[in-house]
**Q** 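Can you keep this structure in mind? I'll have questions shortly.
Model, not experiment: these values are computed from the prediction.
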Amino acid sequence: MAFFTWLWDWLLWMFWATEMDVTIVGLQNAGKTSLLRVLAGGEFTIDSVPTIAFNKKEVKKGHVSIKCWDIGGQPRFRSMWERYCRDVNAIIFVVDAADKDAVPVAKEELHALLEKDTLASIPLLVLGNKSDLREKMSVDELIEGLELKKVVGREISCYGVSAKAETNLEAVLQWLVARSGK
């Protein structure tokens with residue numbers, strides 16, 4: 001049975017392969033790089049070095065190849081976010097769900113990004129990372145804290161995830177694959 005699954009995936013890849021571009025942004029220490037490493041099939045490491053400018057990784061899911069741009073979250077790199085978010089299939093905004101104090105800044109940066117005309121109507125996936133920690137915010141708290149209901153004119157989804165515990169990562173990949181043809 002495994003052979004036929006492999007053969008089917010290979011045939012899909014060879015004849016119906018789809019590529020998509022995704023940009024991952026969010027404040028520093030939200031876990032963007034760790035999340036991308038795990039999504040790409042790597043292992044979670046606790047000693048991740050802060051991203052300087054950007055990282056690029058490719059994630060494969062079935063017949064979809066997802067090119068992911070992971071952009072640094074420090075204040076000096078936030079002005080680059082819009083440039084890397086142009087013409088992508090989706091924007092992923094990662095929030096540290098265990099850092100309630102960072103939510104007001106995250107909200108401000110997210111809304112400033114979404115106001116850019118060049119990013120109009122690009123689907124947004126908000127991920128509350130570190131959902132394995134005890135002091136995490138719920139998805140409803142993130143939606144409220146980031147004022148996601150005020151965002152109009154684009155598709156928005158919000159999930160609680162954990163790069164470390166690999167929680168909800170399959171749902172993230174399915175969400176992305178569903179937007180690969182858009």
**Q** Could you grab the distance from atom CG of Leu113 to atom OG of Ser79, nearest 0.5 Å is fine?
**A** 11.5 Å

**Q** What do the steps show when you test Glu155 against Trp175 for side chain to side chain contact (heavy atoms under 4.5 Å, CB included), and what is the final call?
**A** CA-CA 11 Å; Glu155 177 187 0; Trp175 189 93; 3.9 Å; yes

**Q** Testing the basics here: between Ile24 and Cys68, what is the closest heavy-atom pair and its distance to 0.1 Å?
**A** CD1-CB, 4.3 Å

**Q** Check whether Lys32 reaches the backbone of Gly26 with its side chain - one donor and one acceptor, N or O, closer than 3.5 Å.
**A** yes

**Q** Do any pairs count as a salt bridge (Lys or Arg N to Asp or Glu O under 4.0 Å) and have a residue in residues 110-133, sequence neighbours left out, and if so which ones?
**A** Asp96-Lys130

**Q** Can you tell if the side chain of Cys85 reaches within under 4.5 Å of the side chain of Ile122, non-hydrogen atoms only?
**A** no

**Q** Can you tell me how far the SG atom of Cys158 sits from the CG atom of Leu127, to the nearest 0.5 Å?
**A** 7.5 Å

**Q** Of all heavy-atom pairs between Leu133 and Ala98, which one has the smallest distance, and what is that distance?
**A** CD1-CB, 3.6 Å

**Q** Evaluate side chain to side chain contact (heavy atoms under 4.5 Å, CB included) for Val177 paired with Met20, printing each intermediate quantity in order.
**A** CA-CA 9 Å; Val177 167; Met20 69 181 298; 5.8 Å; no

**Q** Do the rings of Phe93 and Trp81 sit parallel, tilted or perpendicular, given the 30° and 60° boundaries?
**A** perpendicular

**Q** Does Glu147 have more than 12 heavy atoms from other residues, nucleotides or ligands lying within 6.0 Å of its CD?
**A** yes

**Q** Atom CD1 of Ile92 and atom CG of Leu176: how far apart are they, to the nearest 0.5 Å?
**A** 4.5 Å

**Q** Check side-chain contact (heavy atoms from CB on, under 4.5 Å) between Val151 and all other residues, then give those that pass, not counting sequence neighbours.
**A** His111, Leu114, Arg154, Ile156

**Q** Are Val25 and Ile91 side-chain neighbours, meaning at least one heavy-atom pair lies under 4.5 Å?
**A** yes

**Q** Could you report the tightest heavy-atom contact between Asn168 and Gly160, atom names first, then the distance?
**A** ND2-O, 2.8 Å

**Q** Out of curiosity, Lys136 NZ to Asp99 CG, how far, rounded to the nearest 0.5 Å?
**A** 15.0 Å

**Q** Looking only at heavy atoms, which two atoms of Lys107 and Gly145 are closest? And how far apart?
**A** CD-O, 3.4 Å

**Q** Which heavy atom of Glu135 sits nearest to which heavy atom of Lys100, and what is that distance?
**A** O-CE, 4.2 Å

**Q** If every non-hydrogen atom of Ala30 is compared with every non-hydrogen atom of Asn129, which pair is closest and at what distance?
**A** O-ND2, 3.0 Å

**Q** With the side chain counted from C-beta on, respond yes when Leu35 and Val172 share a heavy-atom pair under 4.5 Å apart, and no when they do not.
**A** no

**Q** Val22 vs Val88, test: side chain to side chain contact (heavy atoms under 4.5 Å, CB included). Steps then yes/no.
**A** CA-CA 5 Å; Val22 171; Val88 297; 5.8 Å; no

**Q** To the nearest 0.5 angstrom, please state how far the CD atom of Glu82 sits from the OG1 atom of Thr23.
**A** 10.5 Å

**Q** Distance-only, no hydrogens or angles: does the Arg86 side chain make a donor-acceptor pair with backbone N or O of Leu119 under 3.5 Å?
**A** no

**Q** Is any side-chain heavy atom of Val126 less than 4.5 Å from a side-chain heavy atom of Ile143?
**A** no

**Q** Using side-chain heavy atoms (C-beta onward) and a distance below 4.5 Å, is Met137 in contact with Leu146?
**A** no

**Q** In Å and rounded to the nearest 0.5 Å, what is the CZ to CD1 distance from Arg179 to Ile66?
**A** 11.5 Å

